[in-house]
Amino acid sequence: MQHRYYWLLKWVAVLTTLGMLLILLGGALVTKTDSGLGCGRNWPDCNGSLIPKEITTEVLIEFSHRFVTGAVSILVLILVIWTWRALKQVKEVKFLGFLAIFFLVLQALIGAAQVLWGQGDFILALHFGISLISFAAVMLLAMIVFEVDQKFDADRVDIQKKLKWHTIGVTLYSYIVVYTGALVRHTGSSLTCTSWPFCDNSDPFKLPAKMYEWVHMGHRFAAFLIFVWILYIMVHAMKHYKEQKVVYWGWIIAFILVSLQVIAGAFIIYTHLSLIVSLLHSLFISLLFGLLCYFILLVARSSYNEKNH
């Protein structure tokens, strides 16, 4: 009975994590296809009815996103309550559950406000980042359910001060990168610069002339910095943390993800906003942010171990 209980919990954790990923990609799809008003200025109904009577591409995308968000919200609530009861001995569970629910509700409210009243681009750019925090919290809950920490001896991790500060810094900075990327989409700046890596490769040192070029190149510069920063951390981890596999391999995976993110960003320009490439771009940053949040959890565990040993 106990085995079946935890087997079901693991399935709920997996489905909820995948569901949160669908919410993130669905939101990106809504933005990229300009389907935000597919249901008109109506929320939670769609064009005056709970189930849309006339189906267009925009209606299908927007309504599907709302439906998935609603269904996954129920799963998140189930997972949070279940982990609070079954894993109350794990100190991070309550905090992660609160984060998951709070930011999921917040992103839904921002989405509703956009539909009903409209929002500025700088406010809308927060939407993806807020959803990302909820996704990361759910992903960490799933990792706790699957006892990933125990499998990698994460409770014995000893992270020194230098790596701690780099981990916290790059995680906070990644949120700036996410925000600038969302701002590029919401301001319609994606193809303002049609060359890569510079806005105009024939004149690489020319400063941006328009606000949209500043937004676009600001994101590229931010992405370049996080690429270099994670490369530096990976080299540091490979040199000093060979015995701690979760740190060693974790930062290698982080560098692979940030590299894929940069490559996808370049191909967005080369393919003139290919929808698949754009969604991959959103996927890679979501996975990277989730992994960075896991590193923050490891930093907290390491600090806790130091105080209690």
Side-chain angles (χ1 to χ4, degrees), residues 1-30 44 63-112 126-152 154-155 171 174-175 178 246 250 253 257 279 282-301 304:
M1 188 67 181
Q2 191 78 353
H3 175 73
R4 181 174 173 79
Y5 179 82
Y6 281 104
W7 181 81
L8 284 172
L9 177 56
K10 286 180 178 180
W11 267 107
V12 170
V14 169
L15 289 174
T16 308
T17 306
L18 291 176
M20 285 302 305
L21 206 50
L22 282 177
I23 288 177
L24 285 170
L25 296 179
L29 183 63
V30 168
F63 183 74
S64 297
H65 178 54
R66 290 190 191 183
F67 178 80
V68 168
T69 301
V72 173
S73 297
I74 295 169
L75 278 175
V76 170
L77 191 59
I78 292 170
L79 178 65
V80 167
I81 294 171
W82 201 339
T83 51
W84 280 357
R85 294 185 58 155
L87 301 170
K88 54 189 173 188
Q89 74 278 8
V90 182
K91 54 187 177 293
E92 297 93 357
V93 161
K94 282 195 175 179
F95 178 65
L96 290 172
F98 171 77
L99 285 183
I101 291 174
F102 178 81
F103 284 99
L104 183 61
V105 171
L106 186 58
Q107 68 90 18
L109 291 176
I110 290 178
L126 290 169
H127 193 252
F128 183 78
I130 288 169
S131 302
L132 205 52
I133 294 175
S134 186
F135 163 73
V138 168
M139 190 182 97
L140 292 182
L141 279 176
M143 293 175 81
I144 289 170
V145 168
F146 276 88
E147 299 177 333
V148 170
D149 285 351
Q150 293 179 29
K151 290 169 185 170
F152 286 106
D155 284 334
T171 304
S174 71
Y175 209 73
V178 168
V246 68
I253 294 169
L257 287 172
L279 290 177
S282 299
L283 174 65
F284 294 141
I285 195 62
S286 300
L287 295 175
L288 176 61
F289 184 76
L291 180 58
L292 292 176
C293 288
Y294 180 62
F295 290 147
I296 293 290
L297 183 67
L298 293 181
V299 166
R301 289 272 172 88
Y304 177 82

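The shown structure was predicted, so the numbers you read here are calculated from the model rather than taken from an experiment.
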Could you walk me through whether S131 and F103 satisfy the side-chain contact (heavy atoms from CB on, under 4.5 Å) test, starting with their C-alpha distance in whole Å, then the side-chain angles of each, then the deciding distance to 0.1 Å, before giving a yes or no? CA-CA 6 Å; S131 302; F103 284 99; over 6 Å; no
Take L298 and F295 through the test side-chain contact (heavy atoms from CB on, under 4.5 Å) and record every step on the way to the result. CA-CA 5 Å; L298 293 181; F295 290 147; 4.1 Å; yes
Stepwise side-chain contact (heavy atoms from CB on, under 4.5 Å) check, M20 with I23: CA-CA 5 Å; M20 285 302 305; I23 288 177; 4.0 Å; yes
Please walk me through it: do M143 and L140 pass side-chain contact (heavy atoms from CB on, under 4.5 Å)? CA-CA 5 Å; M143 293 175 81; L140 292 182; 4.0 Å; yes
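Between the CG atom of L141 and the CH2 atom of W84 there is a distance of 9.5 Å, given to the nearest 0.5 Å. Distance check: Q107 CD to F128 CZ gives 11.0 Å after rounding to the nearest 0.5 Å. One distance of note links CG of L22 with OG1 of T69; it measures 9.5 Å at 0.5 Å rounding. For the atom pair S282 OG and L24 CG, the distance stands at 8.0 Å (nearest 0.5 Å). The distance from atom CD1 of I285 to atom OG of S174, rounded to the nearest 0.5 Å, is 6.5 Å. Distance CG/L75 to CG/L104: 10.5 Å, rounded to 0.5 Å.
At distances below 3.5 Å, not a single donor-acceptor pair connects side-chain atoms of H127 with backbone N or O atoms of I110. Counting only distance, with no hydrogens or angles, the side chain of W82 and the backbone of L9 share no donor-acceptor pair below 3.5 Å.
When all heavy atoms are compared, the tightest approach of A28 to L279 is CB-CD2, 4.1 Å. Residue V12 comes nearest to I78 through the heavy atom pair CG1-CG2, 4.3 Å, listed as atom of the first residue, atom of the second, then distance. The nearest pair of heavy atoms linking A13 to F146 is CB-CE1, 4.5 Å. Between L96 and I144 the shortest heavy-atom distance is CD1-CD1, 3.7 Å.
With contacts defined as side-chain heavy-atom distances shorter than 4.5 Å, the pair I253/L291 qualifies. Taking 4.5 Å as the limit, some side-chain heavy atom of S286 sits within range of a side-chain heavy atom of L21. Under the 4.5 Å side-chain criterion, counting only non-hydrogen atoms from C-beta, R301 is in contact with E92. Contact annotation: the side chain of I296 never approaches that of L292 to less than 4.5 Å [non-hydrogen atoms, C-beta and beyond].
By the 6.0 Å contact criterion, CZ on F95 is open, its count of non-hydrogen atoms from other residues, nucleotides or ligands being 12 or less.
Using bins of under 30°, 30° to 60° and over 60° for the plane-to-plane angle, the ring pair F102/F98 lands in the parallel bin.
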